[in-house]
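The structure under discussion appears below in the form of structure tokens.
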Amino acid sequence: QVQLVQSGGGLVQAGGSLRLSCAVSGLTMSAYAMGWFRQSPGMERDFVAATSRGGTVTYYTDSVKGRFTISRDNAKSTVYLEMNSLTPEDAAVYYCAAAQAGARVYYTRVYEYHFWGQGTQVTVSS
């Protein structure tokens with residue numbers, strides 16, 4: 001049984017930092033590209049960041065470039081999202097996801113991901 005179990009998140013003041021973790025089990029993590037998405041109430045789930053199977057290639061949506069860092073530790077079967085300089089616009093439920101690697105190095109669309117974490121709330125106070 002594949003499980004992606006998220007931790008981290010919570011309430012932070014604007015300008016602060018948080019780190020999200022996503023522990024993966026039930027699959028060979030090195031065979032999967034990983035990503036982070038976020039969703040606000042009434043909105044679609046949006047891409048935030050992605051990393052290749054080995055973690056050497058990363059990609060970010062424009063609004064988080066320079067502030068967020070995605071990383072992974074395949075030996076620990078864990079992917080991380082380090083978030084700095086948070087703003088109220090970053091508040092959302094954040095999801096990690098795993099995409100079975102194919103022709104592409106990373107993936108940015110919801111439908112390209114096969115497994116999802118349970119989501120974790122990030123709240124940013126102004």
Side-chain angles (χ1 to χ4, degrees):
Q1 180 182 1
V2 176
Q3 286 189 309
L4 280 65
V5 179
Q6 298 178 219
S7 59
L11 172 64
V12 65
Q13 287 188 330
S17 300
L18 284 173
R19 187 174 86 154
L20 306 182
S21 299
C22 174
V24 180
S25 62
L27 56 78
T28 303
M29 188 174 164
S30 59
Y32 286 76
M34 300 297 296
W36 287 93
F37 290 75
R38 63 188 180 187
Q39 188 170 21
S40 299
M43 305 295 287
E44 294 186 350
R45 192 168 296 187
D46 292 330
F47 169 77
V48 175
T51 180
S52 59
R53 289 185 298 165
T56 56
V57 178
T58 57
Y59 184 76
Y60 301 89
T61 192
D62 286 345
S63 63
V64 308
K65 285 180 181 176
R67 300 188 299 121
F68 288 15
T69 302
I70 186 172
S71 62
R72 64 190 292 165
D73 186 338
N74 286 345
K76 295 183 179 180
S77 294
T78 303
V79 61
Y80 306 95
L81 185 67
E82 185 76 34
M83 305 184 291
N84 299 312
S85 302
L86 285 161
T87 74
E89 288 70 37
D90 295 315
V93 176
Y94 282 70
Y95 297 90
C96 64
Q100 191 164 12
R104 292 173 53 190
V105 177
Y106 58 81
Y107 301 89
T108 62
R109 293 177 173 82
V110 171
Y111 69 83
E112 294 174 317
Y113 285 81
H114 303 88
F115 303 103
W116 291 85
Q118 81 277 17
T120 186
Q121 179 71 50
V122 171
T123 304
V124 184
S125 63
S126 57

Might you point out which heavy atoms bring [X] and [Y] nearest each other, and give the distance in Å?
X: T58; Y: G55; value: CG2-O, 4.3 Å
X: Y60; Y: I70; value: OH-N, 2.9 Å
X: S21; Y: Y80; value: OG-CD2, 3.4 Å
X: S40; Y: A91; value: OG-O, 3.4 Å
X: A99; Y: E112; value: CB-O, 3.4 Å
X: V110; Y: R45; value: CG2-O, 3.7 Å

Evaluate the side-chain contact (heavy atoms from CB on, under 4.5 Å) criterion for residues V122 and M83: first the C-alpha distance (whole Å), next the side-chain angles of each, then the deciding distance (0.1 Å), finally the verdict. CA-CA 10 Å; V122 171; M83 305 184 291; 3.8 Å; yes
Could you go step by step and tell me if T61 and D46 meet the side-chain contact (heavy atoms from CB on, under 4.5 Å) rule? CA-CA 9 Å; T61 192; D46 292 330; over 6 Å; no
Enter the distance from [X]:[atom1] to [Y]:[atom2] here, rounded to the nearest 0.5 Å.
X: R53; Y: R72; atom1: CZ; atom2: CZ; value: 9.0 Å
X: Y32; Y: T51; atom1: OH; atom2: OG1; value: 16.0 Å
X: S63; Y: D90; atom1: OG; atom2: CG; value: 7.0 Å
X: R109; Y: F37; atom1: CZ; atom2: CZ; value: 10.0 Å
X: L4; Y: L27; atom1: CG; atom2: CG; value: 6.5 Å
X: Q118; Y: C22; atom1: CD; atom2: SG; value: 8.0 Å

Quick one, W36 with Q6, criterion side-chain contact (heavy atoms from CB on, under 4.5 Å). Give me CA distance, side-chain angles, the key distance, then yes/no. CA-CA 11 Å; W36 287 93; Q6 298 178 219; 3.7 Å; yes
Would you check if the side chain of E82 reaches a backbone N or O of S71 as a donor-acceptor pair within less than 3.5 Å?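 Pair absent, no side-chain N/O of E82 close to backbone of S71.
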Do [X] and [Y] sit in the same hydrophobic cluster, where Ile, Leu, Val, Met, Phe, Trp and Tyr count as joined when their side-chain heavy atoms come under 4.5 Å apart?
X: Y106; Y: Y94; value: no
X: V79; Y: L18; value: yes
X: V105; Y: V48; value: no
X: M29; Y: V2; value: yes
X: F47; Y: V93; value: yes

Looking at Y95 versus Y113, is the centre-to-centre ring distance below 6.0 Å?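 Distance test on ring centres: not under 6.0 Å, no.
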Taking the side chain as every heavy atom from C-beta outward, state whether [X] and [Y] have any atom pair closer than 4.5 Å.
X: S125; Y: Q13; result: yes
X: V64; Y: R38; result: yes
X: T87; Y: R67; result: yes
X: M34; Y: V24; result: yes

